**Q** 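Take a look at the following structure, please.
All figures in this text were calculated on a predicted structure; none of them were measured in a lab. All values below were derived from every heavy atom in this structure, side-chain atoms included, with hydrogens, water molecules and symmetry-related copies excluded.
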Amino acid sequence: MYERMLDKRSTPTIEEMTGFCGENSERFSLLNEWLTSSCNTEQKIVFPYGNKYGWGVAHKKKGRLICNVFAEDNAFTVMMRLSDKQYKTVYDKLQKYAQDCIDNKFPCGDGGWIHYRVTCREHFDDIKTLLSVKC
């Protein structure tokens with residue numbers, strides 16, 4: 001469940017990545033479009049962190065990484081970093097699932113990284129809220 005695209009030898013197209021997300025393909029597409037239009041990010045298909053992560057879409061703004069969106073079987077995961085202060089600004093507005101991700105973030109300086117799997121509308125809304133803080 002939630003397997004990723006791990007064949008490093010074959011770069012997928014954005015359409016293949018979208019289709020791989022199955023029942024969440026529309027959300028995958030909408031999030032990538034929203035990041036590009038609302039946050040003015042540049043998209044690039046990448047295999048960034050080794051075999052465990054697989055193919056994803058890197059979103060950068062002025063050369064700075066905003067997030068990676070990894071295609072998964074019937075889902076997708078957004079990997080992003082915020083400061084503790086940024087997380088606190090939206091924490092109380094988020095669903096418990098998002099709060100748990102923040103509570104268990106991988107620490108990095110003042111803040112940390114989260115891996116946020118989107119499997120439903122509520123997750124989609126929360127990741128947009130978190131990314132709005134980043135953008």
Side-chain angles (χ1 to χ4, degrees):
M1 190 176 216
Y2 306 127
E3 292 83 14
R4 293 193 178 179
M5 301 179 88
L6 299 176
D7 183 0
K8 191 174 187 174
R9 298 168 292 162
S10 178
T11 305
T13 64
I14 194 71
E15 292 81 13
E16 290 170 328
M17 293 174 79
T18 301
F20 191 73
C21 295
E23 61 192 44
N24 281 288
S25 60
E26 184 178 1
R27 290 183 186 101
F28 177 83
S29 186
L30 287 171
L31 184 69
N32 285 304
E33 291 169 10
W34 177 79
L35 282 161
T36 299
S37 64
S38 297
C39 299
N40 300 315
T41 64
E42 295 179 17
Q43 293 184 34
K44 183 177 181 184
I45 296 174
V46 296
F47 197 98
Y49 306 111
N51 295 336
K52 166 178 148 173
Y53 289 87
W55 289 102
V57 180
H59 285 271
K60 292 186 176 185
K61 186 174 181 177
K62 298 180 182 177
R64 191 180 73 130
L65 181 68
I66 301 300
C67 69
N68 285 300
V69 184
F70 294 99
E72 296 178 339
D73 184 20
N74 285 319
F76 59 93
T77 291
V78 178
M79 188 177 96
M80 63 179 293
R81 181 193 180 285
L82 290 175
S83 70
D84 288 332
K85 183 178 180 181
Q86 288 171 312
Y87 282 124
K88 285 179 188 172
T89 64
V90 293
Y91 187 87
D92 292 335
K93 300 173 190 167
L94 302 171
Q95 301 289 321
K96 175 140 178 45
Y97 174 76
Q99 292 174 345
D100 288 345
C101 284
I102 294 167
D103 293 341
N104 296 298
K105 67 187 175 288
F106 182 82
C108 180
D110 173 29
W113 291 89
I114 61 169
H115 293 247
Y116 190 89
R117 178 169 287 127
V118 175
T119 61
C120 63
R121 182 70 198 185
E122 290 79 15
H123 295 169
F124 181 76
D125 293 340
D126 278 355
I127 197 60
K128 281 180 65 178
T129 298
L130 284 162
L131 286 165
S132 294
V133 173
K134 180 81 175 191
C135 292

**Q** So Cys67 and Leu131, do their side chains get closer than 4.5 Å, heavy atoms only?
**A**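 Contact flag for Leu131/Cys67 side chains = yes.
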
**Q** Given the rule in the side-chain contact (heavy atoms from CB on, under 4.5 Å) test, do Leu130 and Val90 qualify, once you have shown the distances and angles that lead to the verdict?
**A** CA-CA 7 Å; Leu130 284 162; Val90 293; 3.8 Å; yes

**Q** If you count the non-hydrogen atoms of other residues, nucleotides and ligands that lie under 6.0 Å from NZ in Lys61, is the total more than 12?
**A** yes

**Q** Donor-acceptor pair, distance only, cut-off 3.5 Å: does the side chain of Glu122 make one with the backbone of Gln95?
**A**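 Side chain of Glu122 to backbone of Gln95, a donor-acceptor pair under 3.5 Å: no, none is there.
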
**Q** Nearest 0.5 Å, please: how far is OH in Tyr2 from OG1 in Thr77?
**A**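 Reported to 0.5 Å precision, the distance equals 9.0 Å.
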
**Q** Pro48 and Gly54: which non-hydrogen atoms are nearest, and at how many Å?
**A**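 Taking Pro48 first and Gly54 second, the nearest heavy atoms are CD-O, 3.6 Å.
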
**Q** Got a second to check how far Asp126's CG is from Lys96's NZ, nearest 0.5 Å?
**A**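 The CG atom of Asp126 sits 12.5 Å away from the NZ atom of Lys96.
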
**Q** Which heavy-atom pair separates Asp92 from Gln99 by the least distance, and what is that distance?
**A**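 Residues Asp92 and Gln99, closest heavy atoms: CA-NE2, 4.1 Å.
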
**Q** Just verifying a value: how many Å separate Arg81 CZ and Tyr87 OH, rounded to the nearest 0.5 Å?
**A** 8.0 Å

**Q** What closest approach, in Å, do Phe28 and Val69 show between heavy atoms, and which atom pair accounts for it?
**A**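 Looking at all heavy atoms of both residues, the closest pair is CE1-CG1, 3.6 Å.
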
**Q** Could I get the full list of side-chain contact (heavy atoms from CB on, under 4.5 Å) partners for Phe20, not counting sequence neighbours?
**A** Met5, Ala71, Asp73

**Q** Quick one: pull up CD in Glu72 and CE in Met17 and give me the separation to the nearest 0.5 Å.
**A**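 One finds 10.5 Å between CD of Glu72 and CE of Met17.
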
**Q** Quick check: do Phe124 and Asn24 have side-chain heavy atoms less than 4.5 Å from each other?
**A** no

**Q** Between Ile114 and Leu65, is there a shared hydrophobic cluster once you connect ILVMFWY residues whose side-chain heavy atoms come closer than 4.5 Å?
**A** no

**Q** Assess whether side-chain contact (heavy atoms from CB on, under 4.5 Å) is satisfied between Asn40 and Lys62, documenting all intermediate values.
**A** CA-CA 9 Å; Asn40 300 315; Lys62 298 180 182 177; over 6 Å; no

**Q** Could you please spell out the steps behind the salt bridge (charged side-chain N to carboxylate O under 4.0 Å, His left out) verdict for Asp125 and Arg121?
**A** CA-CA 6 Å; Asp125 293 340; Arg121 182 70 198 185; 3.3 Å; yes

**Q** Between Thr119 and Glu23, is there a side-chain heavy-atom distance shorter than 4.5 Å?
**A**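 Glu23 does not reach Thr119 side chain to side chain.
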
**Q** Should the pair Phe70 and Tyr53 be assigned to parallel (<30°), tilted (30 to 60°) or perpendicular (>60°) ring geometry?
**A** tilted

**Q** Examine the side chains of Ser29 and Glu33 and answer whether a donor and an acceptor come within less than 3.5 Å of each other.
**A**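 The criterion, which ignores hydrogens and geometry beyond distance, is satisfied for Glu33 and Ser29.
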
**Q** Taking all non-hydrogen atoms of both residues into account, name the closest pair between His123 and Arg117 and its distance.
**A**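 Distance-wise, the nearest heavy atoms are ND1-O, 3.3 Å.
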
**Q** Hey, could you give me the CD1/CG distance between Ile127 and Leu94, rounded to the nearest 0.5 Å?
**A**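 If we round to the nearest 0.5 Å, Ile127:CD1 and Leu94:CG are 9.0 Å apart.
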
**Q** Evaluate Met80 against Ile66 for side-chain contact (heavy atoms from CB on, under 4.5 Å), listing each step before the verdict.
**A** CA-CA 7 Å; Met80 63 179 293; Ile66 301 300; over 6 Å; no

**Q** Testing the basics here: between Trp55 and Asp7, what is the closest heavy-atom pair and its distance to 0.1 Å?
**A**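 In terms of heavy atoms, the two residues are closest at NE1-O, 3.0 Å.
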
**Q** Would one find more than 12 heavy atoms of other residues, nucleotides or ligands at under 6.0 Å from atom CZ of Phe106?
**A** no

**Q** If two hydrophobic side chains count as joined below 4.5 Å and joins carry through other members, does Val57 share a cluster with Trp113?
**A** no

**Q** In the single-linkage hydrophobic clustering (I, L, V, M, F, W, Y; side-chain heavy atoms under 4.5 Å), do Phe47 and Ile14 co-cluster?
**A**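 Yes, because Phe47 and Ile14 connect within a single hydrophobic cluster, where side-chain heavy atoms sit under 4.5 Å apart.
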
**Q** Just by distance, do the side chain of Ser25 and the backbone of Gly22 share a donor-acceptor pair under 3.5 Å?
**A** yes

**Q** So which heavy atom on Leu6 is nearest to which on Asn51, and how close?
**A**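 So the two residues come closest at CD2-O, 2.8 Å.
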
**Q** How many angstroms lie between atom CG of Asn104 and atom CG of Asp100, to the nearest 0.5 angstrom?
**A**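 Taking CG in Asn104 and CG in Asp100, the distance rounds to 6.5 Å.
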
**Q** Hey, mind stepping through Asp103 and Tyr91 against side-chain hydrogen bond (donor to acceptor under 3.5 Å, both in side chains) and telling me if it holds?
**A** CA-CA 10 Å; Asp103 293 341; Tyr91 187 87; 2.9 Å; yes

**Q** Hey, is CD on Glu16 packed in by over 12 heavy atoms from elsewhere, all under 6.0 Å?
**A** yes

**Q** Can you check side-chain contact (heavy atoms from CB on, under 4.5 Å) on Leu31 and Val118, steps first, answer last?
**A** CA-CA 10 Å; Leu31 184 69; Val118 175; 5.7 Å; no

